[in-house]
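Worksheet for the structure shown next.
Note that the numbering runs from 1 along the sequence shown for the chain. Every heavy atom of this structure was used, including side-chain atoms; hydrogens, water molecules and symmetry mates were not.
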Amino acid sequence: MEIDLGFAEKRDNNAWLSNRYFPSKLGGQPAWLDLEALPPTAQLQCSKCKAPKVFLAQLYAPHEEECTFHRSIYIFVCRNADCQQAHNAENFTVLRSQLPRKNKFFSEQAADDEGEPLPPIPCLKKVCEACGCYAPHVCSRCKTVYYCSSEHQRAHWSDHKANCGSSKPAPQKPLSAIEFEEFEIVIESSATRPVEVDDKDDDARLAEFEALQASGNTGDLSNVSEAEMDKYFGNTAGSDDKTFRQFKKQIADEPEQIVRYKRGGEPLWITNTAATVADQLKTLPNCSQCGGVRQFEFQIMPQTLALLKEELLDWGVLAVYTCAKSCPIEGYVEEHMVKQDVVSEEQH
């Protein structure tokens, strides 16, 4: 069975990651698809601390139907450490947007990817100078620069104050407190490894090891692989060991993958679901627009955290579930995420 894997790559010129080129990307500012019905600020506000959530990633994932000729999934996250809870994705927001081939924003002909990149196609609504999201507030002094919130206006003030009231535009610099470093997500197809079935429980493994020890066949263990050692001396519960070993085996050939995409497939969990997210998987909410079922579409891997360089964030697997029909919509609608963490027994 094949699965699409996503890898983070730096571009020489991030202008290629604008909405004109329908990118998949990590960090930077969102490349909006529907340029008019942008998500309202309340939709991207953390329900706990009320701070604006930060753009994490987007995947361009069109389908064959006319209404999904263009289709992107967006993920936002609150960076506040106090808003993170184990196996709880409330500090994330997942949005789906889609357009037919013939629409009022983009040409039916694909933009040329040779030569110099063209500028982004501007939104029909004002966007925040700091984060690129819908901006209902304007600088009270110059009346020309817009913000989504007072938090982002304060964060941007040190860059803006020298040009506030001037006809000269301020230089556009990413704000590290708001934007993550920007990478393109390059998608490649890959074959999945077969899942190995291991029905032995910990007692059976221990008995097997003791039998080897009694017969003198264990030697000094110098020729035993790490995987074999894990079978006998795993640091977590036996069922968690099995899941984590499968996780490691599946990513072994491509350890730098940050996305696994398989619409209608199953997530690659990092630890035992029974003790973590099983109840959530039994009660996945239906699509808020059409009432239809949602299905797994892709997951963000923990390897992503190394690229974000954000010590306050942590996760094991971010599994995104979307409307199975990808029903016709306008603007941006929320989809669903299941977040699985790797935590010690004491933290459960």
Checklist entry - Taking 4.0 angstrom as the limit, do Glu182 and Arg11 come out as a salt bridge? => result no

Can you see whether [X] engages [Y] through a side-chain donor-acceptor pair at a distance of less than 3.5 angstrom?
X	Y	value
Glu179	Gln29	yes
Ser190	Glu254	no
Tyr261	Glu297	yes
Thr322	Glu335	no

So, the side chain of [X] versus the backbone of [Y]: is there a donor-acceptor pair under 3.5 Å, distance only?
X	Y	result
Gln84	Asp314	yes
Tyr74	Ser97	no
Tyr21	Leu118	yes
Glu256	Phe7	no
Arg96	Ile73	no
Asn19	Ile121	yes
Lys50	Ser47	yes
Asp159	Trp157	no
Asp341	His87	yes

Quick one: closest heavy-atom pair of [X] and [Y], and the distance?
X	Y	result
Leu268	Gln250	CD2-CB, 3.5 Å
Pro117	Asn13	CG-ND2, 3.4 Å
Cys142	Val145	SG-N, 3.8 Å
Arg260	Phe296	O-CZ, 4.2 Å
Ala89	Lys339	CB-CB, 3.9 Å
Gly316	Ile270	CA-CG2, 4.1 Å

So with a 6.0 Å cut-off around [atom1] of [X], is the heavy-atom count from everything else above 12?
X	atom1	answer
Glu311	CD	no
Glu108	CD	yes
Gln109	CD	no
Lys309	NZ	no

Is [Y] close to [X] at the side-chain level, that is, under 4.5 Å between some pair of heavy atoms?
X	Y	value
Phe244	Val342	no
Pro30	Cys133	yes
Leu312	Arg79	no
Val77	Phe180	yes
Gln299	Leu318	no
Cys290	Cys323	yes
Leu26	Leu308	yes
Lys48	Cys78	no

Item to check | Test side-chain contact (heavy atoms from CB on, under 4.5 Å) applied to Phe106 and Leu33, step by step | outcome: CA-CA 9 Å; Phe106 301 95; Leu33 197 55; 4.1 Å; yes

Checklist entry - For Phe105, which residues count as a ring-ring contact (aromatic ring centres under 6.0 Å, His included) partner, sequence neighbours excluded? => result none

Item to check | Geometric cation-pi criterion, Lys262 with Phe298: 6.0 Å, 45° | outcome: no

Checklist entry - Given Ile329 and Gln98, is the side-chain contact (heavy atoms from CB on, under 4.5 Å) satisfied, shown in steps? => result CA-CA 7 Å; Ile329 59 171; Gln98 56 200 45; 3.7 Å; yes

Checklist entry - Are Lys25 and Asn14 close enough, and set up right, to give a side-chain contact (heavy atoms from CB on, under 4.5 Å), and what steps lead you there? => result CA-CA 10 Å; Lys25 65 174 185 169; Asn14 284 342; over 6 Å; no

Between side-chain atoms of residues 53-64 and protein atoms elsewhere (two or more places apart, or another chain), which donor-acceptor pairs fall under 3.5 Å?
| unit_1 | atom_1 | unit_2 | atom_2 | d |
| --- | --- | --- | --- | --- |
| Lys53 | NZ | Glu90 | O | 3.4 |
| Lys53 | NZ | Phe92 | O | 3.2 |
| Lys53 | NZ | Thr93 | OG1 | 2.7 |
| Gln58 | OE1 | Ala31 | N | 2.8 |
| Gln58 | NE2 | Ala31 | O | 3.3 |
| Tyr60 | OH | His70 | ND1 | 2.7 |
| His63 | ND1 | Arg263 | NH1 | 3.2 |
| His63 | ND1 | Arg263 | NH2 | 3.3 |
| His63 | NE2 | Arg71 | NH1 | 3.2 |
| His63 | NE2 | Arg263 | NE | 3.4 |
| His63 | NE2 | Arg263 | NH1 | 3.4 |

Item to check | Aromatic plane relationship, Phe76 with Trp32 - under 30° parallel, 30 to 60° tilted, over 60° perpendicular | outcome: parallel

Next on the checklist: Applying side-chain contact (heavy atoms from CB on, under 4.5 Å) to Ile300 and Trp315, what does each step give before you reach the verdict?
Outcome noted: CA-CA 9 Å; Ile300 304 290; Trp315 63 73; 3.9 Å; yes

Checklist entry - From Glu334 CD over to Leu95 CG, what is the distance, rounded to the nearest 0.5 angstrom? => result 6.0 Å

Item to check | Linked, directly or transitively: Val317 and Val94 (ILVMFWY side chains, under 4.5 Å) | outcome: no

Checklist entry - Which residue pairs satisfy the side-chain hydrogen bond (donor to acceptor under 3.5 Å, both in side chains) criterion with at least one member in residues 133-148, sequence neighbours excluded? => result Tyr147-His156

